[in-house]
Amino acid sequence: MSFKDQLNTNNIPKHVAIIMDGNGRWAEQKGEHRVFGHTQGVESVREALTAAAEINVEYLTLYAFSTENWNRPKEEVDALMDLLVKTISMEVETLNKNGVKLQVIGDVDSLPEGCNEALQQSIEETKNNDRVTLILALSYSSRWEIKQAIKNIAKDVKSSILDVEDITDELISSYMNTSKYPDPELLIRTSGESRISNFLLWQVAYTELHFIDTLWPDFKKENFYEAIYNYQQRERRFGKTSAQIISNE
Ligand code: IPE
Ligand code: IPE
Ligand code: MG
């Protein structure tokens, strides 16, 4: 039986985040250039998005390009930006057909102009869709996001819009790029690396982590369902005891 058939439809996470890793190694294993891996990775984005939509996951956040990825060789960065513009522009029709609303988190102002324009246009053209929200993390890093939030909170305290006592968990969340979305219940990382790489540090405080060896271009819908199935076997305790969770205290 497939993992999809075994899922408990009453316990589907609202928000799944994925660190899409391993494109370069996938290509190198085939004697190809790293960029070939990024191109193939687009197909896996479709797999993940379709899988998420089929089981009614409401938010899918994909880590596509980190702040630190700007330090890669220029040819690779340029190729990635090029791929991004082409893919985003080409996919709008499909996104609309499938009810996908596109959103972005990260320092979009640091993206090349053409890339940012294509992105803003696709966001605009998909804004009325409500089946699933696809959030791309682009030029994103969690420390950058937290730094921005702290600066903005400090400014608002200084200009008396906020009182220091107003600073709660909820207020901090509302200053993050992710303010409109719930925290992810599940984070998947491909390629065998067991690290977070500066992704959603504030938001993953109680997220279930799922690390798999599959390289991103090999990621299929069934990998997504397996991750959800695995998530559903876990007990999320949020600091309480197991007995408390079972008796619903
Ligand atoms: C993930 O694959 C895509 C990006 C980070 C842009 P990588 O390019 O990191 O591939 P590996 O990890 O080097 O194999
Ligand atoms: C994380 O992958 C960033 C993205 C998937 C966009 P990296 O390949 O950049 O992470 P590290 O350097 O191995 O930690
Ligand atoms: Mg990598």
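Residue numbers count from 1 along this sequence. Indexing begins at 1, ligand by ligand and atom by atom, following the structure's order.
The atoms of ligand 2 that sit less than 4.0 Å from any heavy atom of R72 are 7 (P), 8 (O), 9 (O). Every atom of ligand 1 with a heavy atom of R25 under 4.0 Å away is listed here by number and element: 11 (P), 12 (O), 14 (O). Interface atoms of ligand 2 facing F65, defined by a heavy-atom separation under 4.0 Å, are 6 (C). Within the listing of ligand 2, atoms 2 (O), 10 (O), 11 (P), 13 (O), 14 (O) sit less than 4.0 angstrom from a heavy atom of R189. Atoms of ligand 1 found under 4.0 Å from any heavy atom of A64 (numbered from 1 in listed order, with element): 6 (C). If you number the atoms of ligand 1 from 1 as listed, the ones under 4.0 Å from a heavy atom of H38 come out as 3 (C), 8 (O). The ligand atoms of ligand 2 that sit less than 4.0 angstrom from a heavy atom of R195 are 11 (P), 13 (O), 14 (O).
For S66, no nitrogen or oxygen atom sits less than 3.5 Å from a nitrogen or oxygen atom of ligand 2, counting backbone and side chain alike. Where the criterion is an N or O separation shorter than 3.5 Å, residue side chain and backbone included, E193 fails it with respect to ligand 2. Checked against a 3.5 angstrom limit, the closest N/O atoms of G22 and ligand 1 fall inside it.
Not one N/O/S atom of E193, from backbone or side chain, sits under 2.8 Å from the Mg ion (ligand 3).
For atom 10 (O) of ligand 1, the closest non-hydrogen atom on the protein side is G24 N, 2.9 Å. Remark: minimum distance from atom 1 (C) of ligand 1 to any protein heavy atom is reached at M20 O, 3.0 Å.
Aromatic pair Y225/F3: ring centres not closer than 6.0 Å.
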(message) For D107 and T67: C-alpha separation, side-chain torsions, deciding distance, then whether side-chain contact (heavy atoms from CB on, under 4.5 Å) applies.
(response) CA-CA 8 Å; D107 185 11; T67 307; over 6 Å; no

(request) Verify side-chain contact (heavy atoms from CB on, under 4.5 Å) between L95 and L49, making sure each step is shown before the conclusion. (result) CA-CA 10 Å; L95 296 180; L49 183 58; 3.9 Å; yes

(request) Show your reasoning for whether salt bridge (charged side-chain N to carboxylate O under 4.0 Å, His left out) applies to E54 and K221. (result) CA-CA 10 Å; E54 278 176 19; K221 277 166 37 170; 3.0 Å; yes

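For E28, no heavy-atom contact with ligand 1 is shorter than 4.0 Å. Only side-chain heavy atoms of N69 come within less than 4.0 Å of ligand 1; its backbone N, CA, C and O stay farther off. When heavy-atom distances to ligand 2 are checked against a 4.0 Å cut-off, F199 has no atom that comes that close, whether in backbone or side chain. The residue A137 has no part lying near ligand 2, judged by heavy-atom distances below 4.0 Å.
Within a 6.0 Å radius of NZ in K30, more than 12 heavy atoms belonging to other residues, nucleotides or ligands are found. The local environment of CD in E235 is crowded, with over 12 non-hydrogen atoms from other residues, nucleotides or ligands closer than 6.0 Å. When the shell of 6.0 Å around CD of E93 is examined, it contains 12 or fewer heavy atoms from other residues, nucleotides or ligands.
Taking CG of N56 as the reference point, atom CD of E58 lies at 8.0 Å (rounded to 0.5 Å). Note that CD1 of I172 and CE of M176 are 6.5 Å apart. Values are rounded to the nearest 0.5 Å.
Distance remark: protein heavy atom present below 4.0 angstrom from atom 13 (O) of ligand 2.
Scanning both residues, H15 and P182, for their nearest heavy atoms gives ND1-O, 2.7 Å. Taking each heavy atom of S142 and L201 in turn, the nearest pair found is OG-N, 2.7 Å.
Using modelled atom types, no side-chain atom of E193 and backbone atom of R189 make a donor-acceptor pair closer than 3.5 Å.
Relative ring orientation between Y140 and Y63 is described as perpendicular, the plane-to-plane angle rising above 60° on a 0-90° scale split at 30° and 60°.
Of all N, O or S atoms in D21, the one lying closest to the Mg ion (ligand 3) is OD1.
Using a 4.0 Å cutoff on heavy atoms, R34 counts as a contact of ligand 1. Residue contact annotation: S191 has no non-hydrogen atom under 4.0 Å from ligand 1.
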